[in-house]
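Heads up, the thing below is written out as structure tokens.
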Amino acid sequence: MKKINFVMPLLLLSFFTLADAASQSENRIKLEPVATAVSAGSVTYKFMLLDSSSSKMIRDSDLVVAHEKKLHMIIYDSSLTEFQHIHPEFDGKIWSATAQFSANGDYWVWAQGELNSDRSEFSASTKLLVSGGSPTKPLPPSLADARTGTSGLSRVSLSSGRLMAGKMAMLDLTMSRTDGTKPVLTPYMGAFAHIIATPSSGDSLIHVHPVTTGDAKGMIHATFPKAGSYRLWIQYIDAGTLKEVPLAVKVF
Ligand SMILES: [Cu+2]
């Protein structure tokens, strides 16, 4: 009798540990900023990355190069109007990157990388409070559906398929120019384009790369986790210039 009483809880315990493993690994790497509030302007943002499973700090030697860099940092404000994709450097003690913060309020800061040890990818986030800048924009952001957007003469369009929460969506991405000339596309950070998406709450991040389907076209595979409006930023290079086009889609 005693033996059975011991075995049963152990079996249950290991079963639940396995089931939870996937969700826990998403939060394994923590972004620990030196400061959680800054004055508006150009800021050298300093932080550490902590592996909470081993309590070890992540150094540059712990990461593999992915899309030409060891660490990618995505920053946007809560109104989802400002966007930066930068690349922090490790100086032997701390990670840092220079970023611009112009509006008051909370900014989302994400660090994305891939661990050398087990090749797992991570996205770690934190918030940064900015003051002394331009007035806070109304929240939550109103994201009107915009599947076409421009930056200078460069234009990006997404196909019109209906997007369903939790279901893999396939969207065509088409690059063109508003003056009818052909875009001259070259890879940006090892990809035809980078698509970064976040829901209006800003609290999750999708970062995908389209598969080139030829002649200024690509296909995006993405799963939007919940219903609602999402901001998308499309980054790509046309005629040697980095373009950054904000779009918005509704997910049902
Ligand atoms: Cu990317």
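For ligands, and for the atoms within them, numbers begin at 1 and follow the listed sequence. Note that the numbering runs from 1 along the sequence shown for the chain.
Within the coordination shell of the Cu ion (ligand 1), defined by N, O or S atoms under 2.8 Å, H207 is present. Under 2.8 Å from the Cu ion (ligand 1) lies no N/O/S atom of H85, from backbone or side chain alike.
The nearest pair of heavy atoms linking S39 to V43 is O-CG2, 3.6 Å.
A distance of 6.0 Å or more separates the ring centres of H209 and F192.
Of all the N, O or S atoms in H194, the one closest to the Cu ion (ligand 1) is ND1.
Linking ILVMFWY side-chain heavy atoms closer than 4.5 Å, directly or via other members, places L49 and I74 in two distinct hydrophobic clusters.
Y45 and W95 share no donor-acceptor pair across their side chains, judged by distance under 3.5 Å alone.
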